[in-house]
Chemist: 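Here you go, one structure.
By convention in this document, chain letters (A, B, ...) are assigned in the order of the sequence lines, proteins followed by strands, and residues within each chain are numbered from 1. When reading the values below, keep in mind they use all heavy atoms of this one structure, side chains included, and skip hydrogens, waters and symmetry mates.
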2 protein chains.
Amino acid sequence: MAYAEVLSALADPTRRGLYERLARRPHRVGELARLARLSQPSVSQHLRVLSDAALVTHERDGTRRHYRASRAGLDELRTYLESMWDDVLAAYAAGDPAPPKKTAPKKTQMTRAPR
Amino acid sequence: MAYAEVLSALADPTRRGLYERLARRPHRVGELARLARLSQPSVSQHLRVLSDAALVTHERDGTRRHYRASRAGLDELRTYLESMWDDVLAAYAAGDPAPPKKTAPKKTQMTRAPR
DNA sequence: CAACAATATAAGCCATGGCTTATGCAGAGG
DNA sequence: CCTCTGCATAAGCCATGGCTTATATTGTTG
């Protein structure tokens, strides 16, 4: 159920902004903080969430860390979306015209045209 | 930017649960409340969020309303994901091996947080 | 080792949002 | 017309989470 983490990670606008920067090119933590006008700790926290969701990876470079976007998290979410898509289509194929009345019919039900 | 609403709508587990039920088949509000073990107002609120994100639609049936999942919201999100996917791939193609050391010798640095 | 640099973690503050109960409102039927 | 049913909206409570400052950790360098 990793898609859940991906969804909540990308739901936050600030975090999504960071991710979108990383999707274009790798950045250092300090760089992101400056560009996004956030404190460095805040960026670190967001990066941890993105990392837990497999949306980013990082490499050490001395005392610095280069973060970059990863495909893994996106893939998780895409798979989930596709299964939902399939369900929705199947549901339409099954009961398209109008939802049936499920309540037990009381007595003589007069079928009237709605509206 | 409708994908933002879709992301935050699906980020909540309860709301996602409701959406997944609707993806399988249409439901009435009271049905959802009973199945999800939530109060009816809570379900109504979730349905409003899902509706604003174009993830569900509804039809009136007397005093009842039949909600069903819609493809529109999913499509918004899928489009966004694909553009992110493309960005990530392009970034890898551009600077794959290792992020270059870009730091020129400097002297000024300030770590300050904006207010 | 001392001093500095870059990032991570800790702790606390505050707004957001999800849940509940109470209430409003429209449609169906006696 | 009155009432009941099914849902929406209002109001308030409380936990979650994102932001900040302060501090710890790790690596580099003289």
Chemist: Measure from CG on B:L32 to C1' on D:dA8 and round the result to the nearest Å.
Modeler: 15 Å
Chemist: Between P on D:dG18 and CG on A:L18, what's the gap in Å once rounded to a whole number?
Modeler: 12 Å
Chemist: Look at A:R65 and C:dT7 and indicate whether a side-chain polar atom (N or O) is within less than 4.0 Å of OP1 or OP2.
Modeler: no
Chemist: Take atom CG of A:D12 and atom P of C:dG17, then tell me their distance rounded to the nearest Å.
Modeler: 10 Å
Chemist: Taking only N and O in the side chain of B:S39, is any of them less than 4.0 Å away from OP1 or OP2 of C:dT20?
Modeler: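 True: B:S39 side-chain N/O within range (under 4.0 Å) of C:dT20 OP1/OP2.
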Chemist: Could you tell me the separation between the CG atom of A:D61 and the P atom of C:dT7, rounded to a whole number of Å?
Modeler: 10 Å
Chemist: How close do B:A23 and B:A69 get, counting heavy atoms only, and between which atoms?
Modeler: CA-CB, 3.7 Å
Chemist: At less than 4.0 Å, is any side-chain N or O atom of A:R15 found next to OP1 or OP2 of D:dG18? Yes or no.
Modeler: yes
Chemist: May I ask you to say whether B:R78 pairs ionically with B:D75, meaning some side-chain N is under 4.0 Å from a carboxylate O?
Modeler: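 Salt bridge flag = yes for B:D75 with B:R78.
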Chemist: Please report the distance, rounded to the nearest Å, between NE2 in A:H66 and P in C:dT7.
Modeler: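 It is 8 Å, rounded to the nearest whole Å.
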Chemist: Which nucleotide sits closest to the side chain of A:Q40: D:dT9, D:dC19, C:dA8?
Modeler: C:dA8
Chemist: If the threshold is 4.0 Å, N to carboxylate O, is there a salt bridge linking B:D12 and B:R16?
Modeler: no
Chemist: Counting only side-chain heavy atoms from C-beta out, which of D:dC7, D:dA22, D:dC19 sits nearest to A:Q45?
Modeler: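 Among D:dC7, D:dA22, D:dC19, the one nearest the side chain of A:Q45 is D:dC19.
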Chemist: Counting neighbours of CZ on B:R71 that are heavy atoms of other residues, nucleotides or ligands and sit closer than 6.0 Å, is the number greater than 12?
Modeler: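 No, because the 6.0 Å sphere around CZ of B:R71 holds 12 heavy atoms or fewer from other groups.
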Chemist: Would you say a side-chain N or O of A:Y67 is under 4.0 Å from OP1 or OP2 of C:dA6?
Modeler: no
Chemist: Assign each of B:V43 and A:V49 to its nearest nucleotide of DNA chain D by heavy atoms, then name whichever residue's nucleotide is nearer the 5' end.
Modeler: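 Upstream on the strand: B:V43.
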Chemist: Name all residues meeting the ring-ring contact (aromatic ring centres under 6.0 Å, His included) criterion together with B:Y19; count only those two or more places apart in sequence or in a different chain, and write none if there are none.
Modeler: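 Applying ring-ring contact (aromatic ring centres under 6.0 Å, His included) to B:Y19 gives none.
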Chemist: Which nucleotide in the set D:dA10, C:dT9, C:dG18 lies at the smallest distance from any side-chain heavy atom of A:P41?
Modeler: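 Among the listed nucleotides, the one closest to the side chain of A:P41 is C:dT9.
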Chemist: Below 4.0 angstrom from OP1 or OP2 of C:dT9, is there any side-chain N or O of A:S44?
Modeler: no
Chemist: If you check every side-chain atom of B:V29, which of D:dC7, C:dA10, C:dC19 has the closest atom?
Modeler: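 Nearest to the side chain of B:V29 among the choices is D:dC7.
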Chemist: Among D:dC19, C:dA6, D:dT5, which nucleotide sits nearest the side chain of A:R28?
Modeler: C:dA6
Chemist: In whole angstrom, give the distance that lies between atom CG of B:D52 and atom C1' of D:dT9.
Modeler: 14 Å
Chemist: Please give, in whole Å, the distance from D:dT26 P to A:R60 CZ?
Modeler: 9 Å
Chemist: Within the structure, does a side-chain N or O atom of B:T63 lie under 4.0 Å from either OP1 or OP2 of C:dG27?
Modeler: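 So the side chain of B:T63 is outside the cut-off, no N or O lying under 4.0 Å from OP1 or OP2 of C:dG27.
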Chemist: For the side-chain contact (heavy atoms from CB on, under 4.5 Å) test, which of A:L18, A:L22, A:L50 pairs with A:Y67?
Modeler: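 Result for side-chain contact (heavy atoms from CB on, under 4.5 Å) with A:Y67: A:L22.
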Chemist: Ignoring backbone atoms, test whether A:S42 places a side-chain nitrogen or oxygen under 4.0 Å from the OP1 or OP2 oxygen of D:dC19.
Modeler: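 So the side-chain polar atoms of A:S42 do come within 4.0 Å of the phosphate oxygens OP1 or OP2 of D:dC19, strictly under.
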Chemist: Between D:dC7 atom P and B:L47 atom CG, what is the distance in whole Å?
Modeler: 10 Å
